[in-house]
Amino acid sequence: MPADTREFTEKIAPDHLAPLWNVMHSLVRPEPGTGTRPWKWDYAAVRSHLMEAGELISAMEAERRVLIYENPGLPGQSRITNSLYAGLQLVMPGEIAPAHRHTQSALRFVIEGSGAHTTVNGEKTIMRPGDFVITPHWAWHDHGNDSDEPMIWLDGLDIPLLQFLDASFAERMTADAQSETVPSGLTDAQFSNGLLPVDHRTTAVTSPVFNYPYSRTRESLYTLSRQSDPDNCHGYKLRYTNPVNGDYAMPTIATFMQSMPTGFASHAYRSTDATVYVVVEGHGKTRIGDETIEWQPKDIFVVPSWFPVSHNIDEEAVLFSFSDRVVQEKLGLWKESREEP
């Protein structure tokens, strides 16, 4: 930088001004640049820490007993990608995670245990492994475990996005658990199976269905795999939708489930939405940029924005994933690139 330009920069600094030409190359980049790093968390190791936390603090004391998946490229920021938060939550037998609500939208993906429940705006749903459960923004919700085994699930929230927008609000209910004001299963009966109440009108931006059972999703993937050829990049991949309008199930987080057969080797693929993956079934390897990770059931890994990714499947695999693709698409920003056959 010329000496006179440096002097000018120093001169305007007290007025809280800065020249664009000094930083334009980092603000407007030719390709996405991110601090997010490719990473995998071994479930066995994380579970061990989580169970230790279960001995140190109760769900009531913690409000939410969760270990945060913190991306090593974003230390101290409580985020797994630039726009998304993820954590592993534990509710022990007999415990309640008390009722509260917040403007952040949340997903729960059940990892371990069966028979615990979450209650959303007065309706209870039972949670089983592989289920995808939604807590819409500003919806009252609490969790309870009436089973005889620990209940563990992945929390995914849009916390970083709402922090950026300065739109965070939260409120604790005076009671620890909500009263059940809606019969269990009513929402599913009204909005699943390709049906809607005849006079239904809504301004909601989140799907009215808040539990998408794994049994149904797995059946759909199985049928696809028996009746069609896999996509070169994704195998068989489906997205969760809002049955009212066909949009994504959540307004800020896109959610997906995919299966890939034994021996499948995907073509390289990249997209602008950094993506978090949960291994539901199977074993395999994923190459992310220059790194290769090996994974097995219940492991979690992250693919940063615009990093080329390819999968090699050792044993038929099912992967759940989520990203901010829905936000990028609504803004007209989302892009993808596929390796040509």
Side-chain angles (χ1 to χ4, degrees), residues 64 66 68-69 78-89 100-111 118-121 123 125 127 130-143 153-165 167-170 187-188 190-192 196 200 202-214 216-217 220 237-258 271-278 280 300 302-303 305 319-334:
R64 294 295 185 265
V66 175
I68 300 169
Y69 287 103
S78 299
R79 58 184 69 185
I80 194 166
T81 72
N82 278 319
S83 62
L84 294 171
Y85 159 101
L88 203 64
Q89 181 164 175
H100 66 198
R101 63 179 179 176
H102 40 67
T103 47
Q104 292 82 0
S105 296
L107 68 85
R108 326 288 176 190
F109 188 78
V110 183
I111 304 292
T118 187
T119 303
V120 177
N121 281 341
E123 184 174 358
T125 186
M127 305 167 76
D131 288 358
F132 160 51
V133 180
I134 299 174
T135 301
H137 70 279
W138 209 238
W140 291 110
H141 56 284
D142 57 81
H143 314 296
W153 62 79
L154 175 77
D155 289 326
L157 288 89
D158 54 7
I159 291 173
L161 179 61
L162 267 68
Q163 286 177 327
F164 174 77
L165 297 172
S168 177
F169 292 89
T187 297
D188 189 60
Q190 290 176 312
F191 294 98
S192 296
L196 294 175
H200 180 72
T202 185
T203 57
V205 293
T206 303
S207 170
V209 177
F210 66 99
N211 188 344
Y212 293 75
Y214 181 59
R216 297 181 188 173
T217 307
S220 295
K237 188 170 185 177
L238 301 172
R239 66 179 175 95
Y240 292 93
T241 62
N242 182 337
V244 175
N245 55 21
D247 204 348
Y248 288 93
M250 302 176 70
T252 52
I253 305 176
T255 50
F256 311 89
M257 191 79 86
Q258 70 191 103
S271 61
T272 50
D273 55 321
T275 303
V276 180
Y277 287 87
V278 183
V280 188
I300 290 173
V302 60
V303 176
S305 169
L319 303 179
F320 172 81
S321 61
F322 65 98
S323 75
D324 64 7
R325 176 172 170 174
V326 55
V327 177
Q328 294 194 30
E329 285 189 354
K330 290 185 183 301
L331 295 174
L333 299 174
W334 185 78

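Basis for what follows: all heavy atoms, side chains included, without hydrogens, waters or symmetry-related copies.
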Qualifying residues under side chain to side chain donor-acceptor pair (under 3.5 Å), relative to Thr217, sequence neighbours excluded: none

Which residues pass the ring-ring contact (aromatic ring centres under 6.0 Å, His included) test with Tyr85, not counting sequence neighbours? none

For Thr275, side chain to side chain donor-acceptor pair (under 3.5 Å) partners two or more places apart: none

Who passes side chain to side chain donor-acceptor pair (under 3.5 Å) against Ser271, sequence neighbours left out? Asp273

Contact between Val205 and His137 at the side-chain level, heavy atoms closer than 4.5 Å - yes or no? yes

Picking from Phe320, Tyr240, Phe109, what satisfies ring-ring contact (aromatic ring centres under 6.0 Å, His included) with Tyr212? Tyr240

Does His102 have any ring-ring contact (aromatic ring centres under 6.0 Å, His included) partners at least two apart in sequence or in another chain, and if so, which? His100, His141

Is there a side-chain contact (heavy atoms from CB on, under 4.5 Å) between Leu161 and Asp324 once you walk through the steps? CA-CA 9 Å; Leu161 179 61; Asp324 64 7; over 6 Å; no

Before you tell me yes or no, could you show the steps for Arg64 and His143 under side-chain contact (heavy atoms from CB on, under 4.5 Å), namely the whole-Å CA-CA distance, both residues' side-chain angles and the distance that decides it to 0.1 Å? CA-CA 9 Å; Arg64 294 295 185 265; His143 314 296; 3.8 Å; yes

Do Thr187 and Glu123 pair up side chain to side chain, a donor and an acceptor below 3.5 Å, judged on atom types alone? yes

Rounded to the nearest 0.5 Å, what separates atom OG1 in Thr118 from atom CG in Asn211? 9.0 Å

Could you check whether any side-chain heavy atom of Leu238 comes within less than 4.5 Å of a side-chain heavy atom of Phe256, counting everything from C-beta outward? no

Results of salt bridge (charged side-chain N to carboxylate O under 4.0 Å, His left out) for Asp155 - residues two or more places apart only: Arg108

Give me the atom names and distance for the closest heavy-atom approach of Leu154 to Ala86. CD1-CB, 4.2 Å

All N/O donor-acceptor pairs, side-chain side in residues 244-254, below 3.5 Å, sequence neighbours left out:
{"residue": "Asn245", "atom": "OD1", "partner": "Asp247", "partner atom": "N", "Å": "2.9"}
{"residue": "Asp247", "atom": "OD2", "partner": "Lys330", "partner atom": "NZ", "Å": "2.7"}
{"residue": "Tyr248", "atom": "OH", "partner": "Arg325", "partner atom": "NE", "Å": "3.2"}
{"residue": "Tyr248", "atom": "OH", "partner": "Glu329", "partner atom": "OE1", "Å": "3.2"}
{"residue": "Tyr248", "atom": "OH", "partner": "Glu329", "partner atom": "OE2", "Å": "3.2"}
{"residue": "Thr252", "atom": "OG1", "partner": "Asp158", "partner atom": "OD2", "Å": "2.6"}

Rounded to the nearest 0.5 Å, what separation is found between the CG atom of Leu157 and the OG atom of Ser83? 12.0 Å

What residues form a salt bridge (charged side-chain N to carboxylate O under 4.0 Å, His left out) with Asp188, not counting sequence neighbours? Arg216

Of all residues at least two apart in sequence or in a different chain, which pass the side chain to side chain contact (heavy atoms under 4.5 Å, CB included) check with Ser78? Ile68, Glu70

Step by step, would you call Val133 with Leu107 a side-chain contact (heavy atoms from CB on, under 4.5 Å)? CA-CA 6 Å; Val133 180; Leu107 68 85; over 6 Å; no

As an exercise, state the distance from CH2 of Trp138 to OG of Ser105, rounded to the nearest 0.5 Å. 12.5 Å

Measure from the side-chain N and O atoms of Thr103 to the backbone N and O of Phe169, and report whether any donor-acceptor pair falls under 3.5 Å. yes

When you look at Val278 and Leu319, which way does the side-chain contact (heavy atoms from CB on, under 4.5 Å) test go after all the steps? CA-CA 6 Å; Val278 183; Leu319 303 179; over 6 Å; no

Going by the rule ring-ring contact (aromatic ring centres under 6.0 Å, His included), which residues pair with Tyr214 if we only count those two or more places apart in sequence or in a different chain? none

How would you list, by chain and number, every residue that makes a side chain to side chain donor-acceptor pair (under 3.5 Å) with Ser305, sequence neighbours excluded? none

Taking Trp140's backbone N and O only, do any of them form a donor-acceptor pair with Asn121's side chain (distance below 3.5 Å, no angle check)? yes

Which pair of heavy atoms, one from Ser207 and one from Pro243, lies closest together, and at what distance? OG-CD, 3.3 Å

Can you measure from OG1 (Thr81) to CZ (Arg79) and round to the nearest 0.5 angstrom? 8.0 Å

Could you give the distance from CD1 (Ile159) to CD1 (Ile80), rounded to the nearest 0.5 Å? 12.0 Å

Thr255 and Phe132, any side-chain heavy atoms less than 4.5 Å apart: yes

I'd like to know if the side chain of Gln104 reaches the main chain of Ser168, judged simply by a donor and an acceptor atom lying under 3.5 Å from each other, with no hydrogens or angles considered. no

Can you name the residues that form a ring-ring contact (aromatic ring centres under 6.0 Å, His included) with His200, not counting sequence neighbours? Phe191

Do Ser321 and Lys237 touch side chain to side chain, with heavy atoms closer than 4.5 Å? yes

